[in-house]
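Everything below concerns the one structure shown next.
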Amino acid sequence: MTGASGYIGGRLVPELLDAGYRVRCLVRTPRKLRDQPWAGRVEVVQGDVTDAGSVAAAMAGADVAYYLVHALGAGRDFERTDRQAARVFGEQARWAGVGRLIYLGGLTPAGVPERELSPHLRSRAEVGHILLGSGVPTAVLRAAVIIGSGSASFEMLRYLTERLPVMITPRWVHTHIQPIAVRDVLRVLVGCAGLPSDVSRAFDIGGPEVLTYLEMMHRYAAVAGLPRRLIVPVPVLTPGLSSQWVGLVTPVPASIARPLTESLRHEVVCRERDIERYVPSPPGHPVGFDRAVALALQRVRDAQVATRWSSASVPGAPSGPLPTDPEWAGGSLYTDVRQRHADVAPEALWDVVESIGGENGWYSFPLAWAVRGWLDRLVGGVGLRRGRRDARRLRVGDSLDFWRVEEIERGRLLRLRAEMRLPGLAWLEMCVDEEGAGGARYRQRALFHPHGLLGQLYWWSVSPFHAIVFGGMARNIVRAAERVRKPASAADDSAARTGLRPPSAGR
């Protein structure tokens, strides 16, 4: 299994385990799987799909190999990277004697030459061709819009519809699409593991309805109990402008919105349903659009979103060595350190720390955080609106607004790595220690490793505000934890309006 830390892969692993398969995951960062509820039931091989050695190690003894990775338009060379990875994967599968490859790609429009497709769709089609030509029996599943809690397509639809009662939209809202529920995608992916060895081909997969994006927005509004939306299509919004517009309104950044919107320029409708001969649909499947939306919304409301589109690393997001390396070899490392005593048990303080971000906010100067998020969106970053997968619990690899959880030692340490656009690498570390007489100590470190002169200038330009932002954050986190012990009051309501209410209050 590749892509186990991503949206589809993270949901497919437990489905395969429940179906009785033994699963081995190839991942670049094994600790991202550590907090998954199924982590103890799988084998893990560290590596990358472009590295033949690690792919060979993962393939050894495997009967079926799932290819669920895609660059999603990351950088100018993403098509070359996808091509190289697919070739390595197919070659190593053949040499290892793997009996079946399974790939989830994109549904391509009928009658449109592949050279005229968007780079995103063209690359996905090319990967399918490479795997089919590998000499290993391959099933290429081609899907359009996937409807499920946390999917990028669903989040885009959800936020556009919920936030804008009146919309000026691109022409692609009239494009016909055959959406499919994520549970049907998973069901077919599992079923393909048992395909006969003489089946090696592409299959179109989709739900029971063909809709325009306009109809999808109106149907979403009806299922969500919203008034009917007024939608005015205009011809002037190019894919580039559309992606900026989507990035402005939704949590999906323009870098990911662009390949999604480019894919909507052409009709993507199933031309055959041959997969039914091999993986027949049980009663109630494939799931209709309205039910798929209702199920996804219920998952969101119940805080039971297993994976999100942001589970995978964001294209172009910064990464680097841990700031705790004893031999820091990267030059300057600037830090801002804050400590405070909390007159509460460590567990109460930790509850506030682990619930930070998303709707609970960052406990200091909300306007400054909002402005930083907007600036990040303007330069193509993820911004501050990705929120959280779960309102109370975090796990390694979770996205958290414009941070990602790099390490968590529950009850003691939370380390976040910045994924906003920066001239350097940045981390935010929060620690809780037990202190005498039943109290706790809160320790907070902001770390920044600058890249070049611009990074140096950035640090010194923002450092005058650290006392307000980071100092206020430490102070208000402690206050929020201490306020849990007191009954709700008007003061608490005032605190809630400024982002200082502890996460357990008002629930």
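Source: prediction; values computed, not measured.
In terms of the ring pair (Phe, Tyr, Trp, His ring centres under 6.0 Å) criterion, residue partners of Y67 (sequence neighbours excluded) are, by chain and number, F89, Y103. The side-chain contact (heavy atoms from CB on, under 4.5 Å) test applied to S54 returns L26, D51, not counting sequence neighbours. Evaluation of the salt bridge (charged side-chain N to carboxylate O under 4.0 Å, His left out) rule for R100 yields no partner, not counting sequence neighbours. For R122, the salt bridge (charged side-chain N to carboxylate O under 4.0 Å, His left out) partners at least two apart in sequence or on another chain are E79.
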| request: Apply side chain to side chain contact (heavy atoms under 4.5 Å, CB included) to I8 and V182, showing your working. | output: CA-CA 8 Å; I8 292 293; V182 68; 3.9 Å; yes
| Between L68 and Y7, is a side chain to side chain contact (heavy atoms under 4.5 Å, CB included) present by the stated rule, with each step listed? | CA-CA 9 Å; L68 300 176; Y7 177 72; over 6 Å; no
| request: Please step through side chain to side chain contact (heavy atoms under 4.5 Å, CB included) for the pair I275 and C192, ending with a clear verdict. | output: CA-CA 9 Å; I275 194 63; C192 281; 3.9 Å; yes
| said: Test side chain to side chain contact (heavy atoms under 4.5 Å, CB included) on R83 and R80; report intermediate values, then the result. | reply: CA-CA 5 Å; R83 188 179 306 120; R80 181 181 61 82; 4.0 Å; yes
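At least one donor-acceptor pair closer than 3.5 Å links the side chain of D35 to the backbone N or O of V396. Judged purely by atom type and a 3.5 angstrom limit, R404 uses its side chain to pair as donor or acceptor with the backbone of G397. Side-chain N or O atoms of R24 include none that pairs as donor or acceptor with a backbone N or O of E43 at under 3.5 Å. Side chain of T138 to backbone of S200: no donor-acceptor contact under 3.5 angstrom is found. A donor-acceptor pair is defined here as one N or O able to donate and one able to accept, closer than 3.5 Å; no such pair exists between the side chain of Q92 and the backbone of V55. Between the side chain of R417 and the backbone N or O of E406, no donor-acceptor pair lies under 3.5 Å. E272 places a side-chain N or O within donor-acceptor distance of the main-chain N or O of D204, the cut-off being under 3.5 Å. Checked by atom type and distance alone, the side chain of Q46 pairs as donor or acceptor with a backbone atom of R28 at under 3.5 Å. Within the 3.5 Å criterion, the main-chain N or O of V64 finds no donor-acceptor partner in the side chain of Y21. In this structure a side-chain-to-backbone donor-acceptor pair under 3.5 Å is missing from S399 to R388.
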With a 3.5 Å cut-off and sequence neighbours excluded, list the donor-acceptor pairs that the side chains of residues 282-296 form with protein atoms.
unit_1: H285; atom_1: ND1; unit_2: D184; atom_2: OD1; d: 2.7
unit_1: D290; atom_1: OD1; unit_2: R219; atom_2: NE; d: 2.8
unit_1: D290; atom_1: OD1; unit_2: R219; atom_2: NH2; d: 3.3
unit_1: D290; atom_1: OD2; unit_2: R219; atom_2: NE; d: 3.4

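By the 4.0 Å N-to-carboxylate-O rule, R201 lies close enough to D274 to be salt-bridged with it. Of the charged side-chain nitrogens involved, at least one lies within less than 4.0 Å of a carboxylate oxygen, so that E155 and R158 count as a salt-bridged pair. Using a 4.0 Å cut-off between a side-chain N of Lys or Arg and a carboxylate O of Asp or Glu, E354 and R410 qualify as a salt bridge. Note on E407 versus R34: salt bridge recorded, some NZ/NE/NH1/NH2 to OD/OE distance being below 4.0 Å.
Expressed to the nearest 0.5 Å, how far CZ of R415 lies from CD1 of I408 amounts to 11.5 Å. Atoms CD and CD1, from Q178 and I205 in turn, are 10.5 Å apart once rounded to the nearest 0.5 Å. Note: I147 CD1 to I180 CD1 = 10.5 Å, rounded to the nearest 0.5 Å. Once rounded to the nearest 0.5 Å, the distance linking CG of L400 with CD1 of I356 reads 7.5 Å. If you take OG on S151 and CG on L157, they are separated by 9.0 Å, rounding to the nearest 0.5 Å. Here the CZ atom belonging to R142 is positioned 11.0 Å from the CG atom belonging to L121, to the nearest 0.5 angstrom.
No side-chain heavy atom of P14 sits less than 4.5 Å from a side-chain heavy atom of Q36. Considering only heavy atoms from C-beta on, M216 stays 4.5 Å or farther from Y220 through its side chain. With a 4.5 Å cut-off on side-chain heavy atoms, L33 and W38 count as touching. Side chains of L297 and F154 form a contact here, defined as non-hydrogen atoms less than 4.5 Å apart. No side-chain heavy atom of E215 sits under 4.5 Å from any side-chain heavy atom of V210. Side-chain atoms of T108 and V112, non-hydrogen and from C-beta on, never get closer than 4.5 Å to each other. Side-chain atoms of P37 and R395, non-hydrogen and from C-beta on, do get closer than 4.5 Å to each other. Residues S134 and L101 are in side-chain contact: their nearest non-hydrogen atoms beyond the backbone lie under 4.5 Å apart.
Within 6.0 Å of the CZ atom in R183, the count of heavy atoms belonging to other residues, nucleotides or ligands does not exceed 12. Within 6.0 Å of CZ in R22 there are 12 or fewer heavy atoms belonging to other residues, nucleotides or ligands.
N360 and S355 form no side-chain donor-acceptor contact under 3.5 Å, judged by distance and modelled atom types alone. Using modelled atom types and a 3.5 Å distance limit, the side chains of W362 and D401 yield a donor-acceptor pair.
Scanning both residues, S153 and Y213, for their nearest heavy atoms gives O-OH, 4.3 Å. Closest heavy-atom contact between V69 and G3: CG1-N, 3.7 Å. Shown here for R187 and P280, the closest heavy-atom pair between the two residues is NH1-O, 3.7 Å. Considering all non-hydrogen atoms of both residues, A65 and V98 come closest at N-CG1, 4.0 Å. Of all the heavy atoms in A144 and L107, the pair that sits closest is N-CB, 3.8 Å. Across H176 and V269, no two heavy atoms sit closer than the pair O-CG2, 4.0 Å.
Residue pairs that meet the ring-ring contact (aromatic ring centres under 6.0 Å, His included) test with at least one member in residues 189-211, sequence neighbours left out, are F203-Y278.
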